[in-house]
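What follows is a short report on a single structure.
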Amino acid sequence: MTTLIKGQVLAFHADPFSTPWADATRFYAHGAVAIQGDRIVGSGAVDTLRDRFPGAEEVDHSDALILPGFVDAHMHYPQTAIIASWGKRLIDWLNTYTFPEEARFKNTTYATEIAERALDLALANGTTSLCSYCTIHPASVDAIFTAAKARGMAVWAGKTCMDRNAPDDLRDTVQSAHDDSAALLANWHGVGRASYVITPRFSPTSTPAQLEALGALWAAHPDCLMQTHLSEQVDEIAWVRALFPSARDYLDTYEAHNLLGERGLYGHAIHLEPREIDRLREVGAGLVHCPTSNTFIGSGLFDIGLAATHRVGLATDTGGGSSFSMLRTMAAAYEIAQLRGRALHPAQLLWLATEGSARVLHAVNEVGTLAEGSAADLVVLDLASTPAIAQRSNRAGDIWEAVFPTIMMGDDRAVRAVYVAGEAVGT
Ligand code: GUN
Ligand code: ZN
């Protein structure tokens, strides 16, 4: 049984950071995505798809824009309830707001409640996949994967490991971090749409011995992703330098412990040294741009020019980030790029929020594109969701002018429908 999800359709055929955006994209004003069960089997002009799939059922979203569901490549679901906490910078913000909240996750009922809330907020915002940190508690990993399974979502997640510079009730050890991570990986990795991610929080909260143990775990499971933070704030970098006096730079604290690789995701990556930029490129590592977080916590201006040479994904960084919406996140990425003298095209913003993030997750065959064989995870955007947006998009001369007001001013009200694995979910 085939279903044609009809609307305006935008598809990418190349990366708009290395190919001019006009060549990288195809737009169908009368388009559709054809799905069978949980998979995409075609996309393009609706007439062509009717010929290919005679008798297909049709669902009409009229002039709404159909895209792959958004992919949030770095977030902390346990920080959902402390989003928008006032007045601190990174280290103070962690100590004041984040660690006390994460300590609450020793209560498994609370972990389940927040995991479900985080995923429902993601879906309401058109985010169909995400890559999340959990807390040090193994049950916090079970909570997010269980909630994701109930919603049919592809989710990447891992137990956050910390054995120093964190409160007593938020520290594990070298051994328990390794063993708990290994057990969770065995239980969850590749089960349904769950993928386990080895997760040392960042160098300041792991001893060299813990980094070493997690590097060994990664070497034993090279198909897993590894996620951590890198060079987010200047004060943090100075702290890393003091904690690791023999390291050449921040990245070297990971590299020296076998935590640098193609399947590594390095969140923020703002204040990089030339050697770090070169090494990240050489290994093909993933950088994750978290723009609302970088302005909210006052971290700095990521260089999106790196997207021409490095894998770069886009992320909310909930709750250091100030929004659950990947639309708001794209707007912040646009603003940060403007402050660095570059105007990102809407095609580049939309690509970062879908295929760019899927690339850092090494999951382009599963999420983030409309390619045949991918999961039927879709977001349908109303390009006139508020009076302010409508009066601007009504004047648009092309799809880019029509979608840009929604990127800059849109929120969950713009999300008209969401499909996860071929099923429409309530918005
Ligand atoms: N660096 C280490 N932990 C965190 C976190 O939870 N949020 C952000 N933004 N940066 C971090
Ligand atoms: Zn983070």
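Side-chain atoms are counted along with the backbone in the values below, which use heavy atoms only and exclude waters and symmetry mates. In listed order, ligands and their atoms are each counted from 1.
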- Does the side chain of D72 pick up a donor-acceptor pair with the side chain of T127 at under 3.5 Å? no
- Item | Polar side chain donor-acceptor pair, T112 to T109, under 3.5 angstrom | no
- Item | W21 and W351 aromatic centres sub-6.0 Å | no
- Verify the ring-centre separation between H74 and H268: is it less than 6.0 angstrom? yes
Present, as a list of atom pairs with distances to 0.1 Å, all nitrogen or oxygen contacts under 3.5 Å between ligand 1 and the protein.
| from | atom 1 | to | atom 2 | distance (Å) |
| --- | --- | --- | --- | --- |
| ligand 1 | 3 (N) | R201 | NE | 2.8 |
| ligand 1 | 6 (O) | Q79 | NE2 | 2.9 |
| ligand 1 | 6 (O) | R201 | NH2 | 2.8 |
| ligand 1 | 9 (N) | E232 | OE2 | 2.9 |
| ligand 1 | 9 (N) | D317 | OD2 | 2.8 |
| ligand 1 | 10 (N) | E232 | OE1 | 2.7 |
| ligand 1 | 10 (N) | E232 | OE2 | 3.4 |

- Everything protein-side that's N, O or S and under 2.8 Å from the Zn ion (ligand 2): list it, residue and atom. H74 NE2, H76 NE2, H229 NE2, D317 OD1
- Message: Does Q338, at its CD atom, have more than 12 non-hydrogen atoms belonging to other residues, nucleotides or ligands within less than 6.0 Å?
- Response: yes
- Message: To check you understand the geometry: which heavy-atom pair defines the closest contact between K159 and Y196, and what is its length?
- Response: N-OH, 3.0 Å
- Message: Apply side-chain hydrogen bond (donor to acceptor under 3.5 Å, both in side chains) to residues Y266 and Q227 and explain how you reach the verdict.
- Response: CA-CA 6 Å; Y266 302 86; Q227 62 183 346; over 6 Å; no
- Query: Are the side chain of S357 and the backbone of L352 linked by a donor-acceptor contact shorter than 3.5 Å?
  - Reply: yes
- Task: Test R151 against every option in T128, L119, V425, V420 by the side chain to side chain contact (heavy atoms under 4.5 Å, CB included) rule and name the one that passes.
- Result: L119
